[in-house]
Structures are given as C-alpha cells and as structure tokens.
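For this chain, numbers begin at 1 and follow the sequence in order. Note that ligands are numbered from 1 as they come in the structure, with each ligand's atoms numbered from 1 the same way. FYI, side chains are in, hydrogens and waters are out, and symmetry mates aren't considered; it's all heavy atoms of this structure.
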Amino acid sequence: MAPILADSSKSNLPERDNYGNNGFVHVKNPHLDLLSEDILYHFDLGTRTHNLPSMFGDVKFVCVGGSPNRMRDFAIFIHKEMGLEGDGNDITDICAGTDRYSMYKSGPVLSISHGMGIPSISIMLHELIKLLHHAKCRDVTIIRIGTSGGIGIEPGTVVITDIAVDAFFRPQFEQVILDKVVVRNTELHHELAENLLHCSQEIEDFLTIIGHTMCTYDFYEGQGRLDGALCSFSKEEKCEYLQKAYNAGVRNIEMESSVFAAMCHLCGLKAAVVCVTLLDRLQGDQITHSHSVLAEFQKRPQKLIAKFIKKQLHLDM
Ligand code: R2B
Ligand code: URA
C-alpha cells in the first residue's frame with residue numbers, strides 16, 4: 001500500500017496565520033513563479049489574455065455550487081438583494097468560452113459552478129485559487145451552497161458543516177500525489193460557521209443546524225443507496241451504516257465538501273459549506289419531493305448566504 005503522509009504543506013504557523021498573510025490568497029506552488037503566463041484552461045481565462053486584477057480585484061465573496069443554472073440564479077438573486085443597478089437578468093457568463101464551468105460576477109460576489117464530485121470541484125478550485133491570487137484579491141470568504149441527503153433530520157433543513165468527514169467518519173481528505181497518499185485536514189472556519197448560524201436565526205421559514213458532513217465519491221453505493229444499478233449490501237447493513245454515521249455526528253451527505261475544506265484551509269481562504277437536505281436517508285433513498293418543493297429547498301442556502309453577505313456589507317437594514 002502507498003505510504004500515508006500528513007500534508008507537508010501544512011504550515012507550522014499558528015492556525016490564524018493560515019488566514020493571515022495580509023488577507024491575500026496563498027498558492028502553495030513554487031513552480032508557478034516560473035511561468036511567464038498562467039492559462040486557467042477550464043475557465044478560458046489567462047494572465048496574459050485577461051487583466052485579472054481589474055476583472056476580479058474587488059471580489060470579497062465567492063459562492064460555488066454544483067449546477068450552472070443554480071449559480072446563475074444565485075448571481076441574479078444576490079444582485080437584486082444587494083440593490084445593484086438593474087435587475088441582474090442581463091448578467092453574462094465570464095467563462096462563456098468553455099462549457100466546463102460557469103462564472104458570474106455581481107459586484108463583490110463571484111458565483112461559480114463546480115459540477116458534481118471531488119475531481120470536478122478540485123479542478124475548479126485549483127484555477128479559482130490561482131485566479132484570486134493573480135487578481136490580488138484580499139480577505140475573501142468562500143462558501144459552497146448545495147444539496148445533500150440528510151440523516152435523521154427533516155428534509156429541507158439547512159446544514160452548516162463544522163467538519164467534513166470521509167466514509168469512515170474521519171475528518172480528513174486523502175489526495176493521491178504521485179505514488180503517495182497525502183492526508184489533509186478538512187476543518188472549516190469555525191467563526192464563519194457560527195456567524196452563519198447566527199444569521200440563520202433571523203430566518204423563520206426553515207431550520208438551520210450545524211453538523212458534520214460526510215463526503216463520498218459516489219451518489220449510489222458510496223452513499224449506501226439500495227437503488228443504484230449495483231448494490232452488494234442488505235437493507236439492514238445500509239441502515240446500520242447510516243445509524244453509525246448519525247451517531248458519529250454526521251447530519252448530511254454530499255460529494256465535494258472534503259476536498260473543498262482541505263484546499264481552502266491550505267490556501268488561507270475562510271470557507272463554509274451550507275447545504276440543504278433533500279430527503280432523510282433514514283427514511284429512504286429516492287428523492288420524491290415535487291420539482292417545486294425541491295426548487296424552494298434549493299433556494300434556502302441562497303437566502304441564508306444573501307443575508308450573511310448583506311450583513312457583512314452593512315446592507316442589511
Ligand atoms: C450534492 O448533489 C450532487 C449529487 O446529486 C452532488 O454534487 C452533491 O454534492
Ligand atoms: N446530493 C447527494 O450527494 N446526496 C443526496 O442524497 C442528495 C443530494
């Protein structure tokens with residue numbers, strides 16, 4: 001088996017300093033300095049072709065989510081919520097030159113899609129973090145808004161992640177690098193999570209809680225579902241596993257939080273994960289709510305984040 005290493009890029013500086021560095025986003029790659037041009041291929045952006053500081057230098061909040069349409073909706077919603085000029089409907093995709101990811105900018109808020117799963121969000125984050133670095137952005141907060149399966153909680157509940165755990169309920173993300181397994185910390189920013197919970201208390205329409213989020217490599221077998229094309233376990237084994245997850249503090253399951261937490265932590269980005277639950281996995285596997293109910297559920301993390309951003313910008317009267 002390949003050796004398991006603690007991440008050597010984890011700094012010895014006190015925790016705070018990972019978020020310090022004058023608020024700049026750090027890239028931890030000495031090879032980048034040797035590049036005469038950095039092409040952010042999956043965004044169709046680059047340091048020679050685009051003036052990244054002028055396009056993105058004022059970004060303070062980055063919101064990421066799986067679906068391009070949802071992230072466009074969020075960009076329009078936050079545009080209106082911040083009271084920016086116009087209705088926001090004419091917003092254009094900054095990454096229109098590629099169909100890999102979509103990106104929208106509403107004032108200081110960048111809204112980007114990341115697709116489904118760890119590999120997809122990881123590629124996006126490498127390029128996003130370099131973009132924020134090249135653009136000389138400071139004091140950036142990044143939030144993943146998404147959907148998830150709940151465990152033992154009412155569908156529609158919003159879960160703010162305190163720590164992302166793997167399928168063994170370990171607070172870590174394993175990245176295979178060359179022929180080694182590097183283990184990275186998946187803690188999220190504690191104060192930011194508390195701040196978001198505090199904001200949620202002003203929203204009466206739905207419940208928001210803090211809990212562990214389990215991040216898996218798959219939606220079906222990887223999340224203990226009995227309804228995939230393949231399944232090699234019994235209903236009893238599934239229930240026992242999900243109950244064990246609940247007892248370990250897991251309140252929801254999704255597919256990106258661990259690598260998101262690990263990369264943001266290493267690069268000094270204040271990060272949070274806020275996902276609505278679409279079903280209670282202790283009750284079943286299929287997502288049976290109507291389209292309109294699910295659409296309303298998916299709006300919930302957006303409402304919470306809009307409230308938070310407005311408070312941060314002193315726009316919430
Ligand atoms: C939540 O929902 C998606 C799967 O349906 C996945 O991207 C996730 O994390
Ligand atoms: N997304 C997931 O990853 N799992 C669910 O059960 C629902 C949404």
Side-chain angles (χ1 to χ4, degrees), residues 42 63-74 100-102 111-125 128 142-161 163-167 169 173 186 188 206 209 211-231 233 235 238-239 241-243 245-246 250-264 271-291 293-302 305:
H42 301 87
C63 297
V64 305
S67 133
N69 283 339
R70 206 182 334 121
M71 296 322 288
R72 184 176 187 275
D73 290 348
F74 177 71
R100 296 295 185 186
Y101 303 110
S102 293
S111 177
I112 313 172
S113 69
H114 57 59
M116 283 192 283
I118 288 171
S120 183
I121 194 173
S122 158
I123 296 166
M124 191 284 284
L125 286 173
L128 170 66
I142 180 166
I143 303 172
R144 167 170 141 68
I145 47 177
T147 58
S148 61
I151 306 188
I153 55 179
E154 191 62 30
T157 304
V158 170
V159 179
I160 301 169
T161 307
I163 196 153
V165 299
D166 66 10
F169 321 132
F173 170 65
T186 52
L188 286 145
F206 54 86
I209 62 168
H212 299 351
T213 295
M214 180 160 77
C215 182
T216 66
Y217 288 92
D218 171 48
F219 183 83
Y220 287 98
E221 289 177 293
Q223 294 187 4
R225 277 190 157 80
L226 299 167
D227 61 345
L230 302 173
C231 185
F233 46 85
K235 186 172 180 190
K238 166 203 152 173
C239 291
Y241 177 69
L242 292 180
Q243 191 58 52
Y246 183 87
V250 175
R251 292 295 175 271
N252 65 340
I253 315 175
E254 47 77 273
M255 298 176 59
E256 294 86 17
S257 58
S258 61
V259 72
F260 173 82
M263 289 182 71
C264 294
V273 177
V274 178
C275 290
V276 71
T277 58
L278 303 183
L279 75 169
D280 179 1
R281 290 298 316 288
L282 299 183
Q283 306 300 325
D285 296 335
Q286 301 234 317
I287 299 170
T288 52
H289 283 293
S290 67
H291 181 79
V293 169
L294 293 175
E296 192 278 317
F297 281 179
Q298 291 180 32
K299 222 40 207 149
R300 294 179 176 190
Q302 300 190 14
I305 298 316

Note, [X] side chain near [Y] side chain (heavy atom, < 4.5 Å):
X	Y	value
Leu230	Glu221	yes
Met255	Thr216	yes
Leu242	Ile253	yes
Thr147	Leu294	no
His114	Met71	no
Ser258	Ile118	yes
Val158	Val274	yes
Ser148	Thr277	yes

Which of the atoms in ligand 2, numbered in the order shown and given with their element, are less than 4.0 Å from a heavy-atom of [X]?
X	result
Glu254	3 (O)
Leu279	6 (O)
Ser148	1 (N), 5 (C), 7 (C), 8 (C)

- [ ] Taking the six-membered ring for Trp and the full ring for Phe, Tyr or His, determine whether the centres of Phe173 and Phe260 are under 6.0 Å apart.
- [x] no
TODO: Show the protein residues that qualify under the rule heavy atom under 4.0 Å from an atom of ligand 1, listing them in chain and number order.
DONE: Met116, Arg144, Thr147, Phe219, Glu254, Met255, Glu256
- [ ] Could you tell me whether a side-chain N or O of Asp280 sits under 3.5 Å from a main-chain N or O of Pro155, the two making a donor and an acceptor?
- [x]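 No; judged by distance alone, with no hydrogens or angles, the pair does not exist.
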Task: Within-cut-off N or O pair, Arg225 and ligand 2, under 3.5 Å - done: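 Indeed, backbone or side chain, Arg225 has an N or O that close.
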TODO: Could you tell me whether ligand 2 has any atom less than 4.0 Å away from a heavy atom of Thr277?
DONE: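 Per 4.0 Å heavy-atom rule, Thr277 does not contact ligand 2.
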- [ ] Determine whether the side chain, the backbone, both or neither of Ile253 has a heavy atom under 4.0 Å from any heavy atom of ligand 2.
- [x]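 For Ile253, only backbone atoms sit under 4.0 Å from ligand 2.
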Task: Heavy atom of the protein closest to atom 3 (O) of ligand 2 (residue, atom name, distance) - done: Gln223 NE2, 2.9 Å
Open item on the list: Among all protein heavy atoms in this structure, tell me which lies nearest to atom 5 (C) of ligand 2, with the distance rounded to 0.1 Å.
Closed with: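 For atom 5 (C) of ligand 2, the nearest protein heavy atom is Gly149 N, 3.3 Å.
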